[in-house]
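Read through the structure below, which is laid out as structure tokens, and then see the notes.
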Number of protein chains: 2
Amino acid sequence: MKDVASAAGVALKTVSRVVNGEPGVHPQTAERVRAAIDLLGYSRNESARVLRSGRTATIGLVIEDVADPFYAGLSRAVEDVVIEHGCLLLSGSSGEEPGRERELVETFCARRVDGLIVVPAGDDHSYLRPELDAGTAVVFADRPPEPGIDVDTVLADNAGGARRAVRHLLEHGHRRIAFLGDDPAIFTAAERLRGYREELGDRFDPRLVSMRSPSAAGVRAELDRLFGLDDPPTALFTGNGRYTVTTLRALGRQRVALVGFDDFELADLLDPGVTVVAQDPARMGQVAAELLFHRVTGDAGPSQHVELPVQLIVRGSGELPAKA
Amino acid sequence: MKDVASAAGVALKTVSRVVNGEPGVHPQTAERVRAAIDLLGYSRNESARVLRSGRTATIGLVIEDVADPFYAGLSRAVEDVVIEHGCLLLSGSSGEEPGRERELVETFCARRVDGLIVVPAGDDHSYLRPELDAGTAVVFADRPPEPGIDVDTVLADNAGGARRAVRHLLEHGHRRIAFLGDDPAIFTAAERLRGYREELGDRFDPRLVSMRSPSAAGVRAELDRLFGLDDPPTALFTGNGRYTVTTLRALGRQRVALVGFDDFELADLLDPGVTVVAQDPARMGQVAAELLFHRVTGDAGPSQHVELPVQLIVRGSGELPAKA
DNA sequence: CACCTGTTTGACAACGTTGTCCGCCCCTCC
DNA sequence: GGAGGGGCGGACAACGTTGTCAAACAGGTG
């Protein structure tokens, strides 16, 4: 900028004014400055601008894994809203490790992001306290923070979706419905288990619940255990997209009634089509980002908690009848 | 930092030394400083650090769309390498719009990223010239830059993969093989078309080539046209994952021999399984990021051009025989 | 022609950090 | 006891930008 100023024969501040479109610069002077800028290929140093102004125009996003279609969709939606607000997005995958989550958040904060969207991996968020006190806007998506932290949240209706899935299977005559899902330490898994349990009521049987690793071997072993019971399940409810796919693969040609949580591409092309309870990851990202920008632009009202609806999509696998 | 210094009763510079683990500070002093840091919840302002040191420890990634599984996988791999080097990742989706690509690159450069990984949407990269001259490291992935720009590239063996796919169908008796792919203005689409054409040799028939929008309606219309020909195709080669899926959906129960470019989840679970020529997006991201860090750390050798192999995965759909 | 007003321009400080350089103190050795 | 040296701490400038304030200038008015 200094070079531009001397090239154009004006003061630093005048160049700054031109670059920022501030009024009070003679058109002819502005033209000369712009010419010098083009000539020198100058581009403003955002770091210095940030240092001076305090606003970084940057948002941080912590998710579990970008390569997971659910989070990829969420990311894209967040990105779109962020760009619309003239900001950029720093993103990182925690890989379900609380330590990594914390590192990412702290690194983002050290860079003075204006706001953070977090899909938490752990449940200790005390490390966020100083950042919140410092005025960083934070929104939690998909999973809530630890109870003591009061921030905006966007969650799906996990329990309601699970109830809907189970009810659907009950309506098709199933009485023995197994649940395969993540460790209940994960909020969404616990909520879906709760919905499953509530809907089953007296029919709930802990032996039909499997919360093991979503690896192919783990799922295979659990299916063997379940189908080896005296009173085996006639239907499966899988607790997220990964479990659904792994379970389908483990089942092979074996036809079992199944409803999965989370929609996935090609669910309609399998035979039978896979009935799912679908979330809308893009909507979740969009809502989270919009809540965040409300905060960034100064809204200091009480924290908001949005619950997004889920939708049962009937495709065939959930309508297979229970064998007599 | 000033506050920390006065709280600990030392000079600014001493705090800086402690924060950066520089030698020459008495352990006892360092301890006092650390206590003050904890007490005040201080965290270093990276913007100021960047301004002073010039290195942002930030990499920019421009892809087509994070929500596309191919780019999501690539992103994740890039992210992992970037984090390993103690840096952060700014990412943006161009949505296949050259203007957006350019905006993203320029915004990233204004923030003085140390390096850029670009999956280009357009083919005019003259705007990169000043950045390259300014020393920003750049790697192109998936698609090359315009001819005049000399940077590292990581591409897949698109033509070879297409030849392999076509050869596979020829080996199963097919003589009329249609190609459904993207606009040949897109490098990968053009390369795959080239491989297809080369492998077919004399059998190449331009009427069997369809390069229309990957929308459901567009693909449906093209299939109608192809199967309405006097001498219709007995096999299809789809030019990327999106086309493969859209085509499968359009085909419905209709069984046609098909090989797709790009692997996708659940390709094995469809009936028949979908034979594909698979790229490795994670590997592409990893290689691109590693090339980039070579440059960032000062390697000024001649530009490198990596071609990644692709792999035919046989699952059934490509082995359906040609009807007599 | 002096005066006032408004427009255009510029000088300077400040943001928070780090690199350079200097000075202090204490220890050791003569 | 004094000189030399090493370990430690501090003052200051600089990075590139923007906010504040004041100066310079032009034009209109009495």
Side-chain angles (χ1 to χ4, degrees), chain A residues 1-37 40-58 86 106-107 109-114 130-131 134-136, chain B residues 1-37 40-58 86 106-107 109-114 130-131 134-136:
Chain A
M1 189 179 260
K2 196 161 49 174
D3 297 340
V4 173
S6 58
V10 298
L12 219 62
K13 181 62 202 179
T14 303
V15 179
S16 171
R17 272 194 267 260
V18 172
V19 170
N20 294 300
E22 287 173 29
V25 177
H26 194 87
Q28 203 174 323
T29 313
E31 199 39 62
R32 220 166 61 236
V33 170
R34 263 189 291 271
I37 288 177
L40 298 176
Y42 162 82
S43 113
R44 180 172 56 195
N45 185 321
E46 289 294 326
S47 306
R49 179 187 169 74
V50 160
L51 178 60
R52 191 63 175 81
S53 69
R55 274 205 70 202
T56 56
T58 308
E106 288 180 341
T107 313
C109 288
R111 302 210 174 195
R112 299 290 186 272
V113 292
D114 294 336
E131 316 301 346
T136 308
Chain B
M1 189 180 261
K2 196 159 49 175
D3 297 342
V4 173
S6 60
V10 299
L12 220 60
K13 180 62 201 179
T14 303
V15 179
S16 171
R17 272 194 267 262
V18 172
V19 170
N20 294 301
E22 286 173 31
V25 178
H26 193 88
Q28 204 173 321
T29 313
E31 199 38 63
R32 220 167 60 236
V33 170
R34 263 189 292 273
I37 286 176
L40 297 176
Y42 162 83
S43 112
R44 180 173 57 195
N45 184 321
E46 289 295 326
S47 305
R49 179 185 169 75
V50 160
L51 179 60
R52 191 64 175 82
S53 69
R55 274 206 70 203
T56 55
T58 308
E106 288 181 340
T107 313
C109 288
R111 303 211 174 193
R112 299 291 185 271
V113 292
D114 293 336
E131 316 300 347
T136 307

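Throughout, a chain's letter reflects where its sequence line sits, starting with A, and its residues are numbered from 1.
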Give the rounded distance in Å between these two atoms: [atom1] of [X] and [atom2] of [N].
X: A/L12; N: C/dC15; atom1: CG; atom2: P; value: 18 Å
X: A/R55; N: D/dT17; atom1: CZ; atom2: P; value: 19 Å
X: A/R112; N: C/dG16; atom1: CZ; atom2: P; value: 9 Å
X: B/L51; N: C/dT18; atom1: CG; atom2: P; value: 11 Å
X: A/I37; N: D/dT17; atom1: CD1; atom2: P; value: 10 Å
X: B/K13; N: D/dC12; atom1: NZ; atom2: C1'; value: 12 Å
X: A/N20; N: D/dG16; atom1: CG; atom2: P; value: 17 Å
X: B/E22; N: D/dG10; atom1: CD; atom2: P; value: 14 Å

Quiz item: So, is B/N45 near the phosphate of C/dC15, with a side-chain N or O under 4.0 Å from OP1 or OP2?
Solution: no
Quiz item: Under 4.0 Å between a side-chain N or O of A/S16 and OP1 or OP2 of D/dT17?
Solution: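 Checking D/dT17 against A/S16, no side-chain N or O comes under 4.0 Å of OP1 or OP2.
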Self-check item: From D/dT17, D/dT20, C/dT17, nucleotide with atom closest to A/R49 side chain
Solution: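 In terms of side-chain proximity for A/R49, the closest of D/dT17, D/dT20, C/dT17 is D/dT17.
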Practice problem: Return yes if a side-chain donor-acceptor contact under 3.5 Å exists between A/R111 and B/N45, otherwise no. | Solution: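 B/N45 and A/R111 do not have a side-chain donor-acceptor pair below 3.5 Å.
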Quiz item: Is there a donor-acceptor contact under 3.5 Å linking the side chains of A/S47 and B/R49?
Solution: no
Quiz prompt | First of B/G9 and A/R44 reached from the 5' end of DNA chain D, by closest nucleotide | solution = B/G9
Which part of the nucleic acid, if any, lies within contact of [X], taking any heavy atom under 4.0 Å across all strands shown: a base, the sugar-phosphate backbone alone, or nothing?
X: B/S53; value: nothing
X: A/T29; value: sugar-phosphate
X: A/V19; value: nothing

Quiz item: Where is the tightest heavy-atom contact between B/R32 and B/V10, given as atom of each residue plus distance?
Solution: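 Shortest heavy-atom separation between B/R32 and B/V10 comes out as NH2-CG1, 3.4 Å.
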Base of [N] paired with side chain of [X] (donor-acceptor, under 3.5 Å):
X: B/R17; N: D/dG10; value: yes
X: A/R52; N: D/dT18; value: yes
X: B/K2; N: C/dG16; value: no

Quiz item: Could you walk me through whether A/T58 and A/V50 pass the side-chain contact (heavy atoms from CB on, under 4.5 Å) check?
Solution: CA-CA 10 Å; A/T58 308; A/V50 160; over 6 Å; no
Quiz item: Donor-acceptor pair, B/D114 side chain versus B/R55 backbone, under 3.5 Å?
Solution: no
Self-check item: Earlier contact from the 5' end, DNA chain C, for A/A48 and A/V25
Solution: A/V25
